[in-house]
Amino acid sequence: MKKINFALISDVFFFALCAFILSFTAIRFYFKNVATALVCAAGCAAVCGIAAFFALYAKRRKHLIVSLGESEKKSLSLHLSVCGAHYLNNLFKDALEGAFVEDGRLQDGENVYFFNFKLSPLSPDDIAEVIKCETVKNKCVFCCDVSPEALSFAEAFSIKITTIAEIYVTLKDKKLLPEKYALGNVKKPSFFKRVKKRFNRKLCPSLFFCGLSLLFFSFFTFYPVYYIVSGGLLLTLSAVSVLFSQPS
């Protein structure tokens, strides 16, 4: 059974509620008819709710795919950083066609491969160590990440750099991703840390109730248009804060 996404439903409902309140207040002000305002506001809320659903659903789906991929890449980086040369040689020998191990170094007919997996980006000093190695074959370095300076240095000496993004795709296509990572999967951020990062979402309740209060008082003032404009702006901002905040 597919899990119900209550976070998505609540966001869509909130977006539709904001549209209903704002449109009802504005339409009633201009047409002076409660029944007409209710019908039009309900239609506006339905349209805005449907539009918000598709926008939020697409955003959450993209965010989930990216998050899962990045999490697995990070786990793979940690895994390769603590594995020894023997394991790395065997792993990439299966991943690269025509590769073989000779004198403790993985190579094929045209390339010789160097492994430098670590948590910090590759530095120019790391590239210098590769340059010292004498070989007539092309040099390729596999690493987790590389600094811009090191990348420029490597390009100057025709050294190819392959980072974890390309390595992840290669291992996944060959079905060689580790079944169990050496340090375990990277833990997801806690709920409180994820909520803390969503500053826009924290503004949502205060914006909503301030806007709602202004729209409510517009029914009892001699100059309601100012209340409707100000309250409508605050209500719109509260809905936008939900639409553009990070998915939960």
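The figures that follow rest on heavy atoms only: side chains count, while hydrogens, waters and symmetry mates do not.
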Following the transitive rule for hydrophobic clusters with a side-chain heavy-atom cut-off under 4.5 Å over Ile, Leu, Val, Met, Phe, Trp and Tyr, establish whether [X] and [Y] coincide in one cluster.
| X | Y | value |
| --- | --- | --- |
| Tyr168 | Leu171 | yes |
| Val130 | Ile161 | yes |
| Tyr87 | Phe117 | yes |
| Val146 | Leu119 | no |
| Val47 | Ile21 | no |

Sidechain-backbone polar pair: [X] side chain, [Y] backbone, donor-acceptor under 3.5 Å:
| X | Y | result |
| --- | --- | --- |
| Lys160 | Asn111 | no |
| Asp126 | Ser123 | yes |
| Lys73 | Ile167 | no |
| Lys175 | Lys172 | no |
| Ser147 | Leu122 | yes |

Original post:
What is the ring orientation for Phe24 with Phe20, classed by angle as parallel under 30°, tilted 30 to 60°, or perpendicular over 60°?
Top reply: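 Plane angle under 30°, so parallel.
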
For a quick test of reading the model, state the closest non-hydrogen atom pair linking [X] to [Y] and the distance between them.
| X | Y | value |
| --- | --- | --- |
| Lys174 | Ala95 | CE-O, 3.3 Å |
| Arg105 | Val112 | CG-CG2, 3.2 Å |
| Lys137 | Glu110 | CB-O, 3.4 Å |
| Ala45 | Ala19 | CA-CB, 4.1 Å |
| Lys93 | Val101 | CD-CG2, 4.2 Å |

Separation between [atom1] of [X] and [atom2] of [Y], rounded to the nearest 0.5 Å:
| X | Y | atom1 | atom2 | answer |
| --- | --- | --- | --- | --- |
| Phe92 | Leu176 | CZ | CG | 9.5 Å |
| Leu80 | Asn116 | CG | CG | 12.0 Å |
| Asp108 | Cys140 | CG | SG | 7.5 Å |
| Leu215 | Cys210 | CG | SG | 11.5 Å |
| Glu155 | Ile127 | CD | CD1 | 10.0 Å |
| Leu88 | Leu106 | CG | CG | 9.5 Å |

Decide yes or no for [X] and [Y]: does some side-chain heavy atom of the first lie under 4.5 Å from some side-chain heavy atom of the second?
| X | Y | result |
| --- | --- | --- |
| Ile164 | Asp145 | no |
| Cys143 | Thr163 | yes |
| Leu76 | Pro178 | yes |

Original post:
Is it true that the NZ or CZ of Lys32 lies under 6.0 Å from the centre of Tyr30's six-membered ring and within 45 degrees of the ring axis?
Top reply: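 Cation-pi check for Lys32 and Tyr30: fails.
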
Subject >> Donor-acceptor pair between Asn89 and Tyr113 side chains, under 3.5 angstrom >> reply: no

Subject >> Crowding at CZ, Phe100 (>12 non-hydrogen neighbours, <6.0 Å) >> reply: yes

Subject >> Steps toward side chain to side chain contact (heavy atoms under 4.5 Å, CB included) verdict (Phe142, Leu96) >> reply: CA-CA 12 Å; Phe142 285 5; Leu96 303 172; 4.2 Å; yes

